[in-house]
**Q** 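Handing you a structure now.
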Amino acid sequence: MRHLGLHAILRTLLILFLITIMTGLASAQFVKGFSVGWGLKTTEILGSNPAAAPFSESDPNKPALFGGGFDGPQQGMELLFEFPVGENNDFFIPLGIDYSFYQGLQRIPQNKFILQSLENRLDVASLSLGLNYAVLKYSIANAKIYAGLEAKTSFIGQNTFTVETEYKQHDSVEIFIVDLKESCVRLGGSIKIGIEGEIADNWYVNILGTFGIMNLIGRNNERGELMTPYKKTYLSFENRESFLYTIQYSFIIQYKL
């Protein structure tokens, strides 16, 4: 039952994906320059958002909080469709579906006999739509440098927080799993810049980076921070949902008509 919300999100994305495939194939018959691509994506949380903070802070000069543990690049993948606009294809509309796997880990020795391993997991599925403009074009490899804006809807799945306690004296392990924050939907936006070039007939490589805000619209202070596992602990209490800024990089292989 706890993953019912995420399953509904995945079913919705699957339906949108199938609709997009059929629409794209139909458009491809009439629009030269239409492309479809797939690749890898990494996401990193910027700034001081609690989602990027450790579960337990060892620096006494920093405020006490229970972070999300996502303090590095998070792995994911992206499916990207591009629809050209105009005769020169200077403008094009990107439609993207991406899925990221967030995992935060930390090992905290309680004393020389007890070691705790903490793990926070959640998945984020996103649907984006935007407008890009080819700033520069090159005849070599049909390359272009482009910039753009996009709106993005993110489906944040219910997190799973695991505490594994190892008792060395007794040679035993205790595992505690909780998922206290329900899945949710947030609306955001981003700016992007990328470079695209042909590597073989009709095959292109697309390398791009985006800077965005995941929860520009839809924040809920009653839920607490967006990606932390707890709203309230004995050390801290979350009374708001902060803006969550991200930087993302994608490496995509595209087939273009």
Side-chain angles (χ1 to χ4, degrees), residues 10 12-46 72-102 123-155 188-214 245-257:
L10 294 178
T12 301
L13 285 178
L14 179 59
I15 293 172
L16 290 173
F17 167 74
L18 294 175
I19 293 174
T20 303
I21 286 288
M22 292 186 289
T23 303
L25 292 176
S27 299
Q29 298 176 8
F30 305 100
V31 181
K32 180 175 176 58
F34 166 83
S35 68
V36 57
W38 182 90
L40 301 178
K41 187 168 201 165
T42 62
T43 303
E44 189 165 359
I45 298 172
L46 299 178
Q74 308 299 313
Q75 304 305 310
M77 51 190 173
E78 180 174 8
L79 178 66
L80 179 65
F81 301 90
E82 289 186 341
F83 303 86
V85 178
E87 295 181 357
N88 298 323
N89 292 349
D90 289 335
F91 290 92
F92 50 101
I93 298 173
L95 174 63
I97 300 173
D98 62 75
Y99 200 99
S100 297
F101 309 91
Y102 286 73
D123 296 343
V124 177
S126 300
L127 182 66
S128 62
L129 181 66
L131 180 65
N132 295 341
Y133 173 69
V135 180
L136 295 172
K137 288 185 175 181
Y138 303 93
S139 57
I140 299 175
N142 291 321
K144 65 183 177 185
I145 296 175
Y146 64 90
L149 299 171
E150 67 181 9
K152 176 175 286 191
T153 302
S154 295
F155 305 86
S190 60
I191 58 175
K192 69 168 63 173
I193 186 169
I195 183 169
E196 178 186 291
E198 191 173 18
I199 54 176
D201 289 343
N202 297 97
W203 289 97
Y204 287 73
V205 62
N206 189 355
I207 303 172
L208 62 136
T210 64
F211 169 77
I213 305 176
M214 184 179 292
Y245 299 93
T246 64
I247 187 167
Q248 297 180 307
Y249 298 100
S250 298
F251 182 89
I252 299 173
I253 300 297
Q254 293 176 304
Y255 182 79
K256 183 179 296 188
L257 296 181

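On a predicted model such as this, the values are computed, not experimentally measured, just so you know. Position 1 is the first residue of the sequence, and the numbers go up from there. Heavy atoms only: backbone and side chains are in, while hydrogens, waters and symmetry mates are out.
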**Q** Show the nearest heavy-atom pair for residues Gly96 and Glu78, with the distance to one decimal.
**A**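 Minimum heavy-atom contact is CA-OE2, 4.5 Å.
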**Q** State which residue, out of Thr246, Ile213, Ile247, fulfils the side chain to side chain contact (heavy atoms under 4.5 Å, CB included) condition with Leu46.
**A**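 In the set Thr246, Ile213, Ile247, the residue that makes a side chain to side chain contact (heavy atoms under 4.5 Å, CB included) with Leu46 is Ile247.
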**Q** Can you measure from CG (Leu149) to NZ (Lys192) and round to the nearest 0.5 angstrom?
**A**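 That separation rounds to 9.5 Å.
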**Q** How long is the straight-line distance from CD1 of Ile253 back to CD1 of Ile199, given to the nearest 0.5 Å?
**A**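 Taking CD1 in Ile199 and CD1 in Ile253, the distance rounds to 4.5 Å.
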**Q** What verdict does the side chain to side chain contact (heavy atoms under 4.5 Å, CB included) test give for Tyr204 and Glu82, after you've listed the backbone C-alpha separation in whole Å, the side-chain angles of each residue and the deciding distance to 0.1 Å?
**A** CA-CA 12 Å; Tyr204 287 73; Glu82 289 186 341; over 6 Å; no
**Q** If you take all heavy atoms of Val124 and Tyr102, which pair is closest and at what distance?
**A**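 Looking at all heavy atoms of both residues, the closest pair is CG2-CE1, 3.5 Å.
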**Q** Counting C-beta onward and ignoring hydrogens, is there a side-chain heavy-atom pair between Lys256 and Asn142 closer than 4.5 Å?
**A**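 No. Closest side-chain heavy atoms not under 4.5 Å.
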**Q** Show the nearest heavy-atom pair for residues Pro73 and Glu44, with the distance to one decimal.
**A**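 The pair with the smallest heavy-atom distance is CG-OE1, 3.9 Å.
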**Q** Within the 3.5 Å criterion, strictly below it, is a donor on Ser190 or Glu150 matched to an acceptor on the partner's side chain?
**A**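 Per modelled atom types, Ser190 and Glu150 side chains form a pair under 3.5 Å.
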**Q** Out of curiosity, Lys41 NZ to Leu80 CG, how far, rounded to the nearest 0.5 Å?
**A**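 If we round to the nearest 0.5 Å, Lys41:NZ and Leu80:CG are 8.5 Å apart.
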**Q** Grab the two heavy atoms, one from Leu95 and one from Ser128, that are nearest each other, plus how far apart they are.
**A**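 Taking Leu95 first and Ser128 second, the nearest heavy atoms are CD1-O, 3.3 Å.
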**Q** Hey, could you give me the CZ/CD distance between Phe92 and Glu196, rounded to the nearest 0.5 Å?
**A**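 Answer rounded to 0.5 Å: 6.0 Å.
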**Q** Only counting residues at least two apart or in another chain, list the ones meeting ring pair (Phe, Tyr, Trp, His ring centres under 6.0 Å) with Trp203.
**A**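 So Trp203 forms a ring pair (Phe, Tyr, Trp, His ring centres under 6.0 Å) with Tyr255.
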**Q** Output the distance between atom CD1 (Ile195) and atom CG (Leu208), rounded to the nearest 0.5 Å.
**A**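 That separation rounds to 11.5 Å.
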**Q** Indicate the atoms forming the closest heavy-atom contact of Phe101 with Asp123, along with that distance.
**A**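 Smallest interatomic distance, heavy atoms only, reads CD2-OD1, 3.7 Å.
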**Q** Centroid-to-centroid, Phe251 to Tyr249, below 6.0 Å?
**A**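 No, they do not, as the ring centres are separated by 6.0 Å or more.
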**Q** Take the angle between the ring planes of Tyr245 and Phe211 and call it parallel below 30°, perpendicular above 60°, tilted in between.
**A**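 Taking Phe211 first and then Tyr245, their aromatic rings lie parallel (interplane angle under 30°).
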**Q** Is there a side-chain contact between Thr42 and Gln75, using heavy atoms and a 4.5 Å cut-off?
**A**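 Yes, at least one pair of side-chain atoms sits under 4.5 Å.
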**Q** With rounding to the nearest 0.5 Å, note down the distance linking CD in Gln248 to CD1 in Ile45.
**A**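 Gln248 CD to Ile45 CD1: 10.5 Å, rounded to 0.5 Å.
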**Q** Indicate every side-chain donor-acceptor pair of residues 131-139 with a distance under 3.5 Å to a residue at least two apart or in another chain.
**A**
{"from": "Lys137", "atom 1": "NZ", "to": "Asn88", "atom 2": "O", "distance (Å)": "2.6"}
{"from": "Lys137", "atom 1": "NZ", "to": "Asp90", "atom 2": "OD1", "distance (Å)": "2.9"}

**Q** State, to 0.1 Å, how close Leu79 and Val36 come at their nearest heavy-atom pair, and which atoms those are.
**A**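 Taking every non-hydrogen atom into account, CD1-CG2, 4.3 Å.
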